[in-house]
Structures are given as C-alpha cells and as structure tokens.
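Order of appearance sets the numbers: ligands from 1, and atoms from 1 within every ligand.
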Amino acid sequence: MSNSSVPLLSAHSITKSFGPRTARHQVLFDVSADVHAGECLAVIGGSGSGKSTLTRIMLGLESADSGSVEYESQSIVGGRKSPGFAALRRESGLVFQDPFSSLDPRWRVAKSVAEPLSLQRRDLNNTDIDERVAAALTMAGLEPADFLNRYPIDLSGGQAQRVVIARAIINEPKVILADEPMSAIDVAARIQILDTFAAIRAARPSTAIIMVSHDLGVVQHIADRILVLHDGRLEETGSTAEVLGNPQSDYTRQLIEAASL
Ligand SMILES: Nc1ncnc2c1ncn2[C@@H]1O[C@H](COP(=O)(O)OP(=O)(O)OP(=O)(O)O)[C@@H](O)[C@H]1O
C-alpha cells in the first residue's frame, strides 16, 4: 500500500435520495469515504445500505445531491465539465455482478477486451493491441489461445467475469470498482476471481481497488481497509484486522457473526 496521505479518490459528506419530490427516499446521509493508491477498500453492509450508490457516486457513474468527490485532488462533480472527470473515466476500470450484462454477446472475447484500449490509444497498432489483450487475459488466469475467439455464450460465469476483469484492466487503471464481482459466480469459481484480483495487485501494486461485497470471507482475504454502511450511514471504518477483529459497533458485530468468520 502507498504511504501517500493524499487519497487517490475521495468523497466528502455525500447525500443522495431517489424518487419523485413528493416521495423522496434518502439512501446516503453525509457519508465520506476515500481510497489510496495501492489500497483495497471493501465496502460492506446489509442489502440496501447504499454500497452500490456510494461507490457509483465515487466513480462518477451517478451524481450526489450534495457533497464532493475528488480524483487526484480534482473535482469530478458536474460530470464532463469538471476537471477530474475525464481522467477518472480514463483511469478507472469497472466490474459488476453479472458478467454477461457487461459483455456484448455478438463480440468475441478479443474484441471485448481490446475495446477500451482501441478507443483510448489510437497510437497503438494491432500487434500492440493483441499483445496487451493477451497479457490482460493471462493476468486474469485465462489462456489467450483458448479464449480469444470465444463468444460470451461459450464461457462459464467465472470465465466471463475474468474476461470482464481483463477488459477492466486493459488500460492499466489506477482504480478499479468491483461491485459484488463474485456473487453471481458459483462458489468453486470464486477463488479464481479472488486469485485474479491478487494477481493484479501483485503485478500493479499502485492500483486501488474498491470492492463492494456481502461476503466477509472474501473481504477478509483481500481488503486492507473496510468501510461499513448501515442504512445509508457510515457505521465504522478501519483496517480489516481492526474492523473484523475488534468491531466498534453492534451492527458490524452482527454482520461478522452472521458470516461465521
Ligand atoms: N436508481 C435508483 N432509483 C431508485 N432507488 C434506487 C436506485 N438505486 C438504488 N436505489 C435504492 O437505494 C437504496 C440503496 O441501494 P444500493 O444498491 O446502493 O444498496 P446496496 O447496499 O448496494 O444493496 P445490495 O447489497 O442489495 O446491492 C435501496 O433502497 C435501493 O432500492
């Protein structure tokens, strides 16, 4: 983990509501969060506690009602007009729960993985792109020769998620959001997804990962720090050892007990 005290990505006092003006439903209440280069931050909490909403706001995929978000000390609030937004878009990778909804069923794996690179790096020729696609697939634990020409329909859920991860890392992002990346994958294949994140961290130690997860076993394995959300409020945050070993709130204790760690 980086020693830098300036976070790579930080959100301050975020509030967010959904629904029409007459029936607003507030889902985040003054939540602050940050992640440093090289750090894996896990965001945990019960269903509907606001984990996805908070992390989507941090990655500029959703706007907050109030509060601020900064990427490399530059605001991303206001979308494309803000100074940090384009850099964050360019330098982030996204992995969601259902890999098949992230892949175009008409595209072979090679094209899906290459697309973000082809869009951003017009200077690269096809040989460079092919090499980087092969390297990303290999980092994701997939043998390029076996997978480059497959369509999504020819992939298991775990393989499809590793293709999505290869696509997410092809541009060497500084930050990766992984929102429940294992919950739609069968248990036997989850370890390979975890191994993929471990390989990314080993190969690119300055990459920050924000992982939303219900699975405290996974969190215990991969996270440096944990942020606990409870009904849209920050319950506690601390190192993985502190939060899991010595939780400060009853709510966190209940989550840990339910996970039988
Ligand atoms: N686009 C939306 N429109 C309306 N309500 C939304 C929207 N997105 C999220 N919500 C609501 O906001 C609340 C928080 O949702 P969010 O997905 O952030 O929680 P979560 O902690 O990630 O939940 P889960 O673990 O079940 O995925 C929920 O009540 C959800 O129904």
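Judged by distance alone, with hydrogens and angles left aside, the side-chain atoms of Gln161 form a donor-acceptor pair with the main-chain N or O of Phe96 at under 3.5 Å. A side-chain donor-acceptor contact under 3.5 Å links Arg150 to the backbone of Asp146. A donor-acceptor contact shorter than 3.5 Å is absent between the side chain of Ser49 and the backbone of His230. A distance-only check finds a donor-acceptor pair linking the side chain of Glu242 to the backbone of Ser239 [under 3.5 Å].
For atom 14 (C) of ligand 1, a protein heavy-atom neighbour is found at a distance under 4.0 Å. The protein reaches atom 23 (O) of ligand 1 closely, with a heavy atom under 4.0 angstrom from it.
In this structure, atom 27 (O) of ligand 1 lies nearest to the protein heavy atom Ser52 OG, 4.2 Å. Scanning all protein heavy atoms for the shortest distance to atom 9 (C) of ligand 1 gives Phe18 CE1, 3.4 Å. At the shortest separation from atom 29 (O) of ligand 1 among protein heavy atoms lies His25 NE2, 3.4 Å. Protein heavy atom at the shortest distance from atom 25 (O) of ligand 1 is Lys51 NZ, 2.8 Å. In terms of protein heavy-atom proximity, atom 26 (O) of ligand 1 is closest to Ser47 OG, 2.7 Å. Of all protein heavy atoms, the one lying nearest to atom 16 (P) of ligand 1 is Thr53 OG1, 3.6 Å.
When only interatomic distances are considered, the shortest N/O to N/O separation between Glu180 and ligand 1 does not fall below 3.5 Å. Ligand 1 has no nitrogen or oxygen under 3.5 angstrom from a nitrogen or oxygen of Glu62. The N/O atoms of Gly50, backbone and side chain alike, include one that comes under 3.5 Å of an N/O atom in ligand 1.
Taking every non-hydrogen atom of His214 and a distance limit under 4.0 Å, the qualifying atoms of ligand 1 come out as 25 (O). Per-residue contacts place Gly46 under 4.0 angstrom from the following atoms of ligand 1 (heavy atoms of the residue considered): 21 (O).
Thr252 and Glu236 form a side-chain donor-acceptor contact under 3.5 Å, judged by distance and modelled atom types alone. A donor-acceptor pair shorter than 3.5 Å can be found between the side chains of Ser52 and Asp179. Checking Asp30 against Ser13 by side-chain atom types alone, a donor-acceptor pair falls below 3.5 Å.
Of the candidates Thr196, Thr207, Asp224, Arg201 forms a side chain to side chain donor-acceptor pair (under 3.5 Å) with just one, namely Asp224.
Transitive grouping of hydrophobic side chains (ILVMFWY, heavy atoms separated by less than 4.5 Å) brings Val95 and Ile209 into a common cluster.
Within the 4.0 Å heavy-atom shell around ligand 1 one finds Gly48.
Annotation: cation-pi pair Arg233/Phe29 present, NZ/CZ under 6.0 Å from the ring centroid and within 45° of its normal.
With a heavy-atom cut-off of 4.0 Å, Val27 touches ligand 1 through its side chain alone.
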